[in-house]
Number of protein chains: 2
Amino acid sequence: MRIGELSRVTGVSLRSLRYYEVKGLLAADREENGYRIYNATAIERVNTIQFYLRLGFSTDEIEGFLNCVMKNKEAFCEEILPMYEQKLAEIDRQLHQLGQIRSNLVERMEAIRREQESKASGQ
Amino acid sequence: MRIGELSRVTGVSLRSLRYYEVKGLLAADREENGYRIYNATAIERVNTIQFYLRLGFSTDEIEGFLNCVMKNKEAFCEEILPMYEQKLAEIDRQLHQLGQIRSNLVERMEAIRREQESKASGQ
DNA sequence: ATAAACCCTAACACTAATGTCATAGTCAAC
DNA sequence: GTTGACTATGACATTAGTGTTAGGGTTTAT
């Protein structure tokens, strides 16, 4: 199939499909005129790429285990679990940081509201 | 005081101080030779900018209320509480999204571990 | 008068996946 | 044989604050 069809079937833009090729995630043969041709397995491959992107993995990270998880079940790939653990730690760091910011925001908001009330009550 | 001293006192880089000027956050007079000169209030102003940046506000957002909060107490500025609420909502959206991703990660990790164990137990 | 420390502007880099546009070749259908 | 749909590559834009470098003036102290 050509790139337009692959885009329609997967819902991924032409731009992104070409980008995945540049990043080494998605190979394509070429017709004589230079058009990319994909075999049927490309659909699942693109879906898999999107799956990992939504999990917060970068294309560079995905490149490290995509071939393995496409050939085997995820659990068979030894490199995948450490990647998950590392990504989880990253997410937890971000959650912690956002939580800190949130606390500070809420604290300031409460202080402002207290000041406004004390002013309104003629205090 | 000149920019180098302001940088030393506040711990903010020259680059950032000049950037704040471009963004309209921090005005500076000029000596005849073109050097920026700041009055003493610039120190508190820079500290205030940093305070809001750490709360997750952008320079554009800070520009909207900085003059008011520098002249008055925060609670006096009517525009500030809606900004806080908006920022809090933003943070909560991000927290929610990160939480979703985290759940998916953990779920996948558990599934992988289960598969590996069932394989190891000769299942 | 020279070295060291200071200041100026302007510009590129960075992150990272995607959108968009420009220019152009190819192909199918009518 | 021309229109319209499809494809190709390449390049710039996006976010946003900061780092860094280049090239060039100024001030201060010795």
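Throughout, a chain's letter reflects where its sequence line sits, starting with A, and its residues are numbered from 1. Quick caveat, the model's predicted, so the values are computed rather than measured.
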_Net bend of the helix from C:dA1-D:dT30 to C:dC30-D:dG1, end axes of five pairs each, nearest 10 degrees_ = 40°
_Tell me whether B:Lys87 contacts the main-chain N or O of A:Leu105 through its side chain, where contact means a donor paired with an acceptor under 3.5 Å._
no
_Treating B:Thr10 as the side-chain partner and B:Val46 as the backbone partner, does any N or O pair qualify as donor plus acceptor under 3.5 Å?_
no
*asked:* Does a side-chain N or O of B:Asn33 approach OP1 or OP2 of C:dC8 to a distance below 4.0 Å, or not?
replied: no
*asked:* Rounding to an integer number of Å, can you tell me how far A:Ile3 CD1 sits from D:dC6 P?
replied: 13 Å
*Sort out for me which residue in B:Tyr84, B:Tyr52, B:Phe76 forms a ring pair (Phe, Tyr, Trp, His ring centres under 6.0 Å) with B:Phe65.*
B:Tyr52
*Over how many whole Å does the gap from A:Glu31 atom CD to C:dG25 atom P extend?*
18 Å
*Protein-nucleotide distance (B:Leu14, atom CG; D:dT18, atom C1'), rounded to Å*: 12 Å
*So, are B:Arg113 and B:Glu107 salt-bridged, with charged N and O less than 4.0 Å apart?*
no
*Examine distances only and state if a side-chain atom of A:Ser103 and a backbone atom of A:Gly99 form a donor-acceptor pair shorter than 3.5 Å.*
yes
*Would you say D:dG17 has OP1 or OP2 under 4.0 Å from some side-chain N or O of B:Ser16?*
no
*Can you tell me the distance, in whole Å, between the CZ atom of A:Arg15 and the C1' atom of D:dA13?*
11 Å
*Whole angstrom is fine here: how far is it from CG in B:Leu26 over to P in D:dG17?*
14 Å
*salt bridge (charged side-chain N to carboxylate O under 4.0 Å, His left out): which pairs involve residues 35-51 of chain A, sequence neighbours left out?*
A:Glu21-A:Arg36
*Name every residue in residues 34-68 of chain B that has at least one heavy atom under 4.0 Å from any atom of DNA chain C, in order of residue number, or write none if there are no such residues.*
B:Gly34, B:Tyr35, B:Arg36
_Closer than 4.0 angstrom, basic N to acidic O: yes or no for B:Lys23 and B:Glu63?_
no
*May I have the distance from A:Leu25 (atom CG) to C:dA17 (atom P), rounded to whole angstrom?*
9 Å
*Can you check whether B:Ile91's main-chain N or O pairs, donor with acceptor, with B:Gln94's side chain at less than 3.5 Å?*
no
*What's the OH-P distance between A:Tyr20 and C:dA17, to the nearest Å?*
8 Å
*asked:* Whole angstroms only, please: what is the OH-C1' distance between A:Tyr19 and D:dC12?
replied: 16 Å
*Specify the closest pair of heavy atoms between A:Asn72 and A:Cys77, including all atoms of both residues, with the distance to one decimal.*
ND2-SG, 4.3 Å
*Can a side chain N or O of A:Arg30 be found less than 4.0 Å away from OP1 or OP2 on D:dT9?*
yes
